[in-house]
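Note that the structure is predicted; figures quoted are calculated from it, not measured.
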Amino acid sequence: MQHIVEALKDKYLYQDKVIDSTKSILEFQIFISDQVTNDFNTLFQSLPVDRSYYAFGVPGSFYDRLFPSRSIHFLHSSCAINWFSKLPKELLDEKSPTWNKGRIHYVGASNVEIVNAYVAQFEKDMEMFFNARAEEIVPGGMMVLVTPFSGYVCLLGFFGSSFMDMVNEEKLDESLVDSFNLPLYYPSPQDMTKVVEKNGLFSIQRMELINIKSNLVDEADAKTLMMSIRSSIEGVIINHFESKLAEEACARTIIKSEEISEWMKVNYEKPSILFVALKRK
């Protein structure tokens with residue numbers, strides 16, 4: 001946010017190619033939002049002392065309204081819209097074709113109905129997200145979304161395989177795995193284009209797949225990467241499984257570093273991030 005503030009200040013002060021000292025009083029408010037369970041105290045303690053903006057915390061789900069009407073000029077969301085507001089109810093029906101037996105995610109699912117259920121939930125959630133933001137963002141305001149690209153969703157399969165290893169060793173009931181699905185969907189450019197155009201309240205200014213040029217390719221790096229992923233999904237895993245079972249499954253995944261590093265060597269040069277810049281109509 002500091003980079004954005006500085007860029008806006010430079011543009012504002014120099015837009016007439018002449019420095020206007022009267023414009024030096026330009027001030028910025030930065031609203032940082034997360035779920036109500038987020039530790040905002042830790043967040044505030046980490047803010048730079050010399051920041052050139054006023055910071056506020058706004059708890060709540062971004063699938064609902066968070067800010068007053070036409071109060072936001074620029075919105076940035078990083079690695080968040082890939083989380084569902086809720087899990088598709090079809091995935092919880094054991095008699096449905098969407099029963100995701102032996103897996104914890106849609107990647108590699110045997111039935112196309114499972115993937116379709118994930119896609120449908122993503123589309124419903126993004127419609128709510130865009131409608132809420134359209135109320136809050138001023139006409140002409142910008143929204144930049146950054147989300148993991150679908151290519152890296154395969155890494156979640158390593159966690160699923162750890163649970164199935166425990167099932168095969170009779171340490172875990174298979175029905176617990178079958179009834180668990182991560183509420184995550186990593187959209188493609190086509191997915192994003194579809195939901196933006198259907199909603200009609202924003203225009204796409206720029207969209208691209210980005211390769212973050214990661215050098216994480218060896219076993220030590222694989223452990224670092226999987227620990228990072230674990231930190232983001234462990235909460236929902238613990239909510240479904242006993243904490244000890246969740247801990248063991250995550251620990252088993254981390255030690256699969258050799259297998260994971262081999263996957264990374266093949267895929268580390270492929271795009272891993274989807275960048276989308278939208279403008280409020």
Heavy-atom side-chain contact between D93 and W99 under 4.5 Å: no
Side-chain ion pair, E174 and K101, N-O less than 4.0 Å: yes
Mutual orientation of the aromatic rings belonging to F74 and H76 [parallel < 30°, tilted 30-60°, perpendicular > 60°]: parallel
Side-chain touch D34/P59, heavy atoms, less than 4.5 angstrom: no
Heavy-atom pair of closest approach, residues A277 and M142: CB-CE, 4.2 Å
Residues, nucleotides or ligands: over 12 heavy atoms within 6.0 Å of E169 CD: yes
Test log, rule side-chain hydrogen bond (donor to acceptor under 3.5 Å, both in side chains), inputs Q190 and S188: CA-CA 5 Å; Q190 293 76 19; S188 67; 3.2 Å; yes
Any donor-acceptor N/O pair, N111 side chain to E113 backbone, under 3.5 Å: no
Expected output: side-chain R65 to main-chain F67 donor-acceptor under 3.5 Å: yes
Residue pair D178 / S175, side-chain donor-acceptor N/O under 3.5 Å: no
Minimum side-chain heavy-atom gap I30-F56 below 4.5 Å: no
Charged N-O contact under 4.0 Å between E248 and K244: no
Side-chain donor-acceptor pair present, Q2, S52, cut-off under 3.5 Å: yes
Main-chain N/O of P189 paired with T193 side-chain donor or acceptor, under 3.5 Å: yes
Atom of G102, atom of V177 and distance for their closest heavy-atom approach: C-CG1, 4.4 Å
Contact check, side chains of I233 and L182, non-hydrogen atoms, under 4.5 Å: yes
K86 side chain reached by P183 side chain, heavy atoms, under 4.5 Å: no
Note: R206-E208 ion pair, threshold 4.0 Å (strictly below): yes
I238 versus A246, closest heavy-atom pair with distance: CG1-CB, 3.8 Å
Candidate pair D64 and S61, rule side-chain hydrogen bond (donor to acceptor under 3.5 Å, both in side chains), full reasoning: CA-CA 6 Å; D64 297 318; S61 168; 4.5 Å; no
Main-chain N/O of I229 paired to S232 side chain as donor or acceptor, under 3.5 Å: yes
Test item: S203 and L278 side chains (from C-beta on) under 4.5 Å apart, heavy atoms: no
Cationic N near anionic O, under 4.0 Å, K124 to E127: no
Cation-pi check, R103 onto Y106 ring (under 6.0 Å, within 45° of axis): no
Plane angle bin for Y185 and F84 - parallel if under 30°, tilted between 30 and 60°, otherwise perpendicular: parallel
Parallel, tilted or perpendicular: ring planes of F62 versus F129, cut at 30 and 60 degrees: perpendicular
Taking every non-hydrogen atom, the tightest pair across H105 and L184: NE2-O, 2.9 Å
Salt bridge R230-E247, side-chain N to carboxylate O under 4.0 Å: yes
Pair K223-S261, side-chain donor/acceptor within less than 3.5 Å: no
Minimum side-chain heavy-atom gap L66-S33 below 4.5 Å: yes
Modelled atom types, side-chain donor and acceptor of D125 and Q121, under 3.5 Å: yes
S162 side-chain N/O to F158 backbone N/O, donor-acceptor pair under 3.5 Å: yes
F130 CZ to L145 CG distance, which is reported to the nearest 0.5 Å: 6.0 Å
Heavy-atom side-chain proximity of V146 to L274 below 4.5 angstrom: no
Rounded distance [0.5 Å steps], CD in E234 versus CG in N239: 10.5 Å
side-chain hydrogen bond (donor to acceptor under 3.5 Å, both in side chains) assessment of T42 paired with D39: CA-CA 6 Å; T42 299; D39 186 353; 2.6 Å; yes
Exceeds 12 heavy-atom contacts within 6.0 angstrom, atom CZ of R70: no
